[in-house]
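The sequence lines fix the lettering, A, B, ..., with proteins before strands; numbering per chain opens at 1. Hydrogens, waters and symmetry mates are skipped; everything else that's a heavy atom, side chains included, is used.
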There are 2 protein chains.
Amino acid sequence: MNVSIDIIKEKLSECGLKITPQRIAILEAIYVLNNHPTADNIITYIRKTHPNIATGTVYKVLDTLVDSKLIKKIKTEKDIMRYDGILDQHHHLFSSESDRIEDYSDDKLDKLLEEYFKRKKIPGFKVEEIKLQINGKFLKSK
Amino acid sequence: MNVSIDIIKEKLSECGLKITPQRIAILEAIYVLNNHPTADNIITYIRKTHPNIATGTVYKVLDTLVDSKLIKKIKTEKDIMRYDGILDQHHHLFSSESDRIEDYSDDKLDKLLEEYFKRKKIPGFKVEEIKLQINGKFLKSK
DNA sequence: ATCTCTTATGAGAACAATTCTTATTTAAGA
DNA sequence: TCTTAAATAAGAATTGTTCTCATAAGAGAT
Ligand SMILES: [Mn+2]
Ligand SMILES: [Mn+2]
Ligand SMILES: [Zn+2]
Ligand SMILES: [Zn+2]
């Protein structure tokens, strides 16, 4: 991902959020780190340039960004939250061997699912979003 | 769900696990509580009849049951693990307003996905399991 | 039924991720 | 520049979970 500081500022103010160095750093970290970082990944990253951002602030900002829909939380089986800066509809590949999570975009599949659920209603439930959780193994080499 | 103690014992020994009152109580609780209980839900439930099962034991047993594939963990956006005693392939409906999680089984959909991924290979990844995470709102009542 | 051995459990301390509290600082509009 | 509401730093507190270790209890062998 490649998002300039200016774009980040713009995103923040579009959401009616005050523009602070902490928020910029954290949102930028999520974009740079890309692969679904944990709060700790983000802290480690931003401390290199902003050594005095407090841990609590990072968690607070992450919450704010989630509430403002600038980022998303990812459901995992571990006691660690992970964050996603990519907002376009996509699914996730979860490694059954490691903590690796990769994006998987597939318009054709999304169409297929949309079609399917256009007919097949789920009684008593209003679908807002469908995400595939694809579990498996990544083959050799990164 | 309606599983007798005898069936539970059978399941345990099939997995080569010692049959203990704690394991029976916990597995039964998961079946009775049904809707994807937390460790705490399970503790509250079993304490009614087994007031002295230790908290640590419950977590230990849950781990064991997951390892033995008698139950499954459910990925959520919260810092609380949830467990599922239903092993047949099924998906989950996640409430965007509450912590409610309901099962959703759909053979036709599973067929469709299987078909789809028979052709469409994901490069560098070996799919083991595909689950839909269906987010939305439950409509009134229940 | 008893013995033996291994495994499971209870109690409570420890831990890691996250949240909360409070004094201080800062962004942004007036 | 002034004002004010909102954000942050620091560190304590909480929560869900894991760990440690002494004791208890399954289960196969006798
Ligand atoms: Mn935790
Ligand atoms: Mn926690
Ligand atoms: Zn993603
Ligand atoms: Zn389920």
Side-chain angles (χ1 to χ4, degrees), chain A residues 5-6 8-30 36-47 49-68 70-71 73-83 99, chain B residues 5-6 8-27 29 36-47 49-68 70-71 73-83 99:
Chain A
I5 301 291
D6 283 344
I8 289 177
K9 288 184 184 173
E10 207 172 303
K11 282 173 186 274
L12 288 171
S13 57
E14 270 170 20
C15 292
L17 297 174
K18 273 190 191 169
I19 295 168
T20 69
Q22 293 84 349
R23 283 173 176 169
I24 295 169
I26 290 166
L27 197 43
E28 198 198 10
I30 294 170
H36 314 100
T38 63
D40 202 57
N41 296 152
I42 294 164
I43 291 168
T44 303
Y45 180 82
I46 64 176
R47 288 263 166 85
T49 44
H50 299 76
N52 34 8
I53 294 182
T55 302
T57 300
V58 174
Y59 283 101
K60 186 100 211 318
V61 167
L62 287 170
D63 257 16
T64 305
L65 296 176
V66 170
D67 287 349
S68 301
L70 285 173
I71 63 175
K73 286 185 172 186
I74 300 185
K75 301 189 201 314
T76 80
E77 272 170 17
K78 294 286 197 59
D79 185 26
I80 300 180
M81 195 55 58
R82 298 183 61 166
Y83 297 89
D99 293 331
Chain B
I5 301 293
D6 283 345
I8 288 176
K9 287 184 185 173
E10 207 172 302
K11 282 172 186 275
L12 288 171
S13 57
E14 269 169 22
C15 293
L17 297 174
K18 275 190 191 169
I19 294 168
T20 69
Q22 293 85 347
R23 285 172 175 169
I24 294 169
I26 290 165
L27 197 43
H36 315 99
T38 63
D40 201 56
N41 296 152
I42 294 164
I43 291 168
T44 303
Y45 181 82
I46 64 176
R47 287 262 166 85
T49 43
H50 300 76
N52 34 10
I53 295 181
T55 301
T57 300
V58 174
Y59 283 101
K60 187 103 210 320
V61 167
L62 287 170
D63 257 16
T64 306
L65 296 177
V66 170
D67 287 349
S68 302
L70 284 173
I71 64 175
K73 285 185 173 186
I74 299 186
K75 301 190 203 309
T76 81
E77 273 169 17
K78 294 287 198 57
D79 184 28
I80 300 179
M81 195 56 56
R82 298 182 61 166
Y83 298 89
D99 293 331

OH of B/Y83 versus P of D/dG16: gap in Å, rounded? 12 Å
For B/K73 and D/dG16, what is the distance between atoms NZ and P respectively, to the nearest whole Å? 15 Å
Can you sort out which residues in residues 9-27 of chain B have a heavy atom within less than 4.0 Å of DNA chain C? Ascending by number, please. B/K18, B/T20, B/Q22, B/R23
Could you walk me through whether B/E10 and B/D6 pass the side-chain contact (heavy atoms from CB on, under 4.5 Å) check? CA-CA 6 Å; B/E10 207 172 302; B/D6 283 345; 5.7 Å; no
Salt bridge (Lys or Arg N to Asp or Glu O under 4.0 Å) partners of B/E77, counting only residues at least two apart: A/K75
Round to a whole Å and report the spacing from CD1 of B/I80 to P of C/dA17. 17 Å
If you measure only the distance, is there a donor-acceptor pair under 3.5 Å linking the side chains of A/T38 and A/N41? yes
Rounded to whole Å, please give me the gap between CG in B/D99 and C1' in D/dG16. 14 Å
Below 4.5 Å, heavy atoms only, C-beta onward: do A/L62 and A/I30 meet side chain to side chain? yes
Can you see if the side chain of B/Y59 gets near the phosphate of D/dT17 - specifically, an N or O under 4.0 Å from OP1 or OP2? yes
Could you verify whether a donor N or O on one side chain and an acceptor N or O on the other, from B/R47 and B/T55, lie under 3.5 Å apart? yes
For A/K73, does the NZ atom have more than 12 heavy-atom neighbours from other residues, nucleotides or ligands under 6.0 Å away? yes
Atom-to-atom span, NZ of B/K60 to P of C/dA11 - whole angstrom: 17 Å
Write down the distance between CE (B/M81) and P (D/dT15), rounded to a whole number of angstrom. 18 Å
In whole angstrom, give the distance that lies between atom CD of B/E77 and atom C1' of C/dT18. 16 Å
Please give, in whole Å, the distance from D/dT8 P to A/I43 CD1? 14 Å
Of B/A39 and A/T57, whose nearest nucleotide on DNA chain D comes first from the 5' end? A/T57
Would you name the heavy atoms of A/I46 and A/A25 that are closest together and state the gap between them? CG2-O, 3.5 Å
Which part of the nucleic acid, if any, lies within reach of B/N52 when heavy atoms closer than 4.0 Å are counted: base, sugar-phosphate only, or nothing? sugar-phosphate
